[in-house]
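For this chain, numbers begin at 1 and follow the sequence in order. Here the structure is a predicted model, which is why all the values come from computation and not from measurement.
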Amino acid sequence: MKIVVLAGGLSPERNVSLSSGSKIAGALRGLGHQAALVDMYFGLEDYPGLTEAALYEADFPKGWQKVDRQAPDLEKVKAARKWAGKGDFGPGVLELCREADIVFLALHGQCGEDGKVQAAFDLLGIPYTGSGYLGSAMAMDKDLTKKLIREQVNTPAWSFAAYGEKDVEPLAGRTPVPCVVKPVDSGSSIGVSIAMDKEELRAALTEGLCYGGRCVLETYVKGREIQVGILDGKALPPIEIIPNEGFYDYENKYQPGAALEVCPAPITPEQTREVSQMAEKVFALLDLAVYSRADFILDGEGTFWFLEINTLPGMTPTSLMPQEAAAAGLDYSALCQRIIDSSLDKKRKQ
C-alpha cells in the first residue's frame, strides 16, 4: 500500500508527533508498504526536488526521532517555513495525501487531534487512521469530555475558566487548592501544573495565559497513574506510570528512563476489569473509533478517577500504547497494521 504518514504540524506537541511519525513510517516500510513521512506544516519543503515516487523511498530527516526536553517555540517554527502560502497544510501535502491509499495520522495535540484535519479529509474523500472529526473534537476538549461522561464514569470535580491577566487573582482566590490546572485543549501534559497552594495556583494560571487562558481547574486526586489503551473498542492491559520525580509531565513522558512503566499494571484482576470497562465506556460515549488511550488515577481508597482520553496516542519509542499492545501479543509493526486495517474497515462501513 501507498501510505502517507502525516506528522509535525503547528502543535506544541509537534516534536512528539515527528518522533511518532518516524517510528510508524519505519515500521510500515518494514512491513513492505510504501511509506512517505511528511511534516504537515512544512510539506514537501523537507524533500526539495524529489518526485512523488521518490518520497516513498526517501530517508527520514535527521533529528525527528528524538523528542527535545522542551516543547518547541511555534513562532520560530512559523518563521522557518519558506512557502508563502497560508494555513496548516504545507506545500504539496493535500495532493500527496489524495494519491495515497490511506493517511496514517501521527499528529498530536491541537493540530491533528482536534478533528479539523479529519473534517478536511472527509470532505476530500481521503481515508485516514483513527477516530472521525466529531469524536476527535469532543475528546480534545477536556471540559466537554468530562460533561459527557460524568454521569457514568467517575471524574474529579472541576470548573472551566476562560480568563485574562486581570482575572488571575480573583480566579485564584475562589478556586480551592490543591488542584490541577490544565489547558482545555492540549496534550502531552503541556501547560499542566499541580497547585498545592494559592501561590502555586497564581503561577499556574499566569503560565496558562501562554496557552490561551482557557483551562480546566480540576480537584487534585493523589494516587497511582494508570493508563488504558483501547483498540477496536476493547481495552488493552493497563499500564502504571511511576515518574522518578514529580508527576508524569512532558519531560517524564518522552525522556528515556524518566519514569518506570509497568505493564500489565500491578493491580488486582477486579481492578483491571473495572478500569478497562471505564475506558471502554468513555471510548463508546465519545463515539471514538479504532484506538485511543485513557488516563486514570487510582486513589488510596481503591477508586478509579477518569482524567482524559487521547484519540491519537503517542507512538514514540517511549510511548505507552505500543507497550500495552505488546503485553496483549501485538508488536509495534503489528499494531500499526491493525490500526490501518481497522481504519479502512471503518471507512468501508460509512
Side-chain angles (χ1 to χ4, degrees), residues 11-13 71 74 108-116 119 131 133-223 225 227 247-250 278-279 281-288 292-297 299 303-312:
S11 162
E13 297 171 71
L74 295 184
H108 303 314
Q110 296 164 347
C111 181
E113 206 165 353
D114 59 3
K116 294 177 183 176
S131 295
Y133 73 91
L134 184 57
S136 298
M138 292 190 295
M140 192 65 190
D141 187 319
K142 294 178 178 63
D143 178 49
L144 178 58
T145 294
K146 288 164 76 75
K147 287 176 179 176
L148 292 171
I149 62 90
R150 63 182 168 185
E151 297 298 326
Q152 299 189 50
V153 178
N154 290 333
T155 190
W158 84 99
S159 61
F160 167 74
Y163 64 99
E165 186 174 356
K166 64 181 177 56
D167 305 308
V168 168
E169 189 61 37
L171 181 57
R174 65 176 181 266
T175 301
V177 290
C179 72
V180 184
V181 183
K182 304 177 180 181
V184 73
D185 56 358
S186 185
S188 289
S189 297
I190 291 174
V192 175
S193 300
I194 298 176
M196 303 305 292
D197 56 38
K198 293 291 186 178
E199 182 178 349
E200 291 181 349
L201 178 55
R202 292 185 191 94
L205 290 170
T206 300
E207 180 186 0
L209 292 171
C210 299
Y211 301 99
R214 300 175 68 250
C215 72
V216 167
L217 299 158
E218 185 179 77
T219 299
Y220 172 66
V221 178
K222 184 178 181 180
E225 299 193 46
Q227 306 197 359
F247 70 102
Y248 198 47
D249 60 7
Y250 183 85
M278 291 173 71
K281 185 169 288 187
V282 173
F283 187 89
L285 287 169
L286 296 178
D287 195 28
L288 303 183
S292 68
R293 194 200 71 241
D295 302 348
F296 297 86
I297 291 290
D299 70 17
T303 299
F304 285 103
W305 298 89
F306 167 77
L307 302 180
E308 61 184 84
I309 193 164
N310 302 274
T311 56
L312 293 177

Note: Gly115 and Tyr133 closest approach over all heavy atoms is O-CB, 3.3 Å

Output for pair (Met196 CE, Tyr220 OH), nearest 0.5 Å, gives 5.5 Å

One should read off an interatomic distance between Asp185 CG and Thr145 OG1, to the nearest 0.5 angstrom, of 11.0 Å

Say whether, by atom type as modelled, one donor and one acceptor occur between the side chain of Lys281 and the main chain of Ile149 under 3.5 angstrom.
-> no

One should read off an interatomic distance between Ile309 CD1 and Met140 CE, to the nearest 0.5 angstrom, of 13.0 Å

Donor-acceptor under 3.5 Å (Thr155 side chain, Arg150 main chain): no

On a heavy-atom basis, the closest approach of Leu201 and Cys179 is CD1-SG, 3.7 Å

Contacts of Leu171 meeting side-chain contact (heavy atoms from CB on, under 4.5 Å) (sequence neighbours excluded), chain-then-number -> Ala161, Tyr163, Arg174, Thr175, Leu205, Leu217

Would the distance check show the side chain of Thr303 and the main-chain N or O of Asp299 forming a donor-acceptor pair, the cut-off being under 3.5 Å? no

* Between Ser11 (side chain) and His108 (backbone), is there a donor-acceptor pair under 3.5 Å? -> yes

State plainly whether the residues Lys146 and Glu218 are in salt-bridge range, i.e. N to O under 4.0 Å. yes

>> Determine whether a donor-acceptor pair (N or O, by modelled atom type, separation under 3.5 Å) exists between the side chain of Asp197 and the backbone of Glu199.
In response: yes

Rounded to the nearest 0.5 angstrom, the CG-CG distance for Leu312 and Asp114 is 10.0 Å

Rounding to 0.5 Å, atoms CH2 (Trp305) and CD1 (Ile297) come to a distance of 11.5 Å

Nearest heavy-atom contact between Leu307 and Lys182 is CB-NZ, 4.0 Å

Shortest non-hydrogen pair, Leu285 vs Leu148, comes out as CD1-O, 4.4 Å

Residue set satisfying ring pair (Phe, Tyr, Trp, His ring centres under 6.0 Å) with Phe296, at least two apart, ordered chain then number -> Phe306

Exercise for the section: Might you confirm whether atom CG of Asp167 has over 12 heavy atoms from other residues, nucleotides or ligands at distances under 6.0 Å? Expected result: yes

side-chain contact (heavy atoms from CB on, under 4.5 Å) filter on Leu134, not counting sequence neighbours, yields Met138

Taking every heavy atom of Ser136 against every heavy atom of Leu288, the minimum-distance pair comes out as N-CD2, 4.3 Å

Side-chain contact test, heavy atoms from C-beta onward, threshold under 4.5 Å: evaluate it for Leu74 versus Pro12 and give yes or no. yes

Quiz prompt | Side-chain (Glu207) to main-chain (Ala203) donor-acceptor, under 3.5 angstrom | solution = no

(request) Taking the side chain as every heavy atom from C-beta outward, state whether Lys142 and Phe160 have any atom pair closer than 4.5 Å. (result) no

Heavy-atom closest pair (Arg293 atom, Asp295 atom, distance to 0.1 Å) is NE-OD1, 3.1 Å

- Task: Could you check if a side-chain atom of Pro156 sits within less than 4.5 angstrom of a side-chain atom of Val180, using non-hydrogen atoms only?
- Result: no

*Does a side-chain heavy-atom distance below 4.5 Å link Asn154 with Phe304?*
no

- Query: Do the side chain of Glu308 and the main chain of Ala294 share a donor and acceptor less than 3.5 angstrom apart?
  - Reply: no

Check whether any side-chain N or O of Lys198 sits under 3.5 Å from a backbone N or O of Ala172 as a donor-acceptor pair, and report yes or no. yes

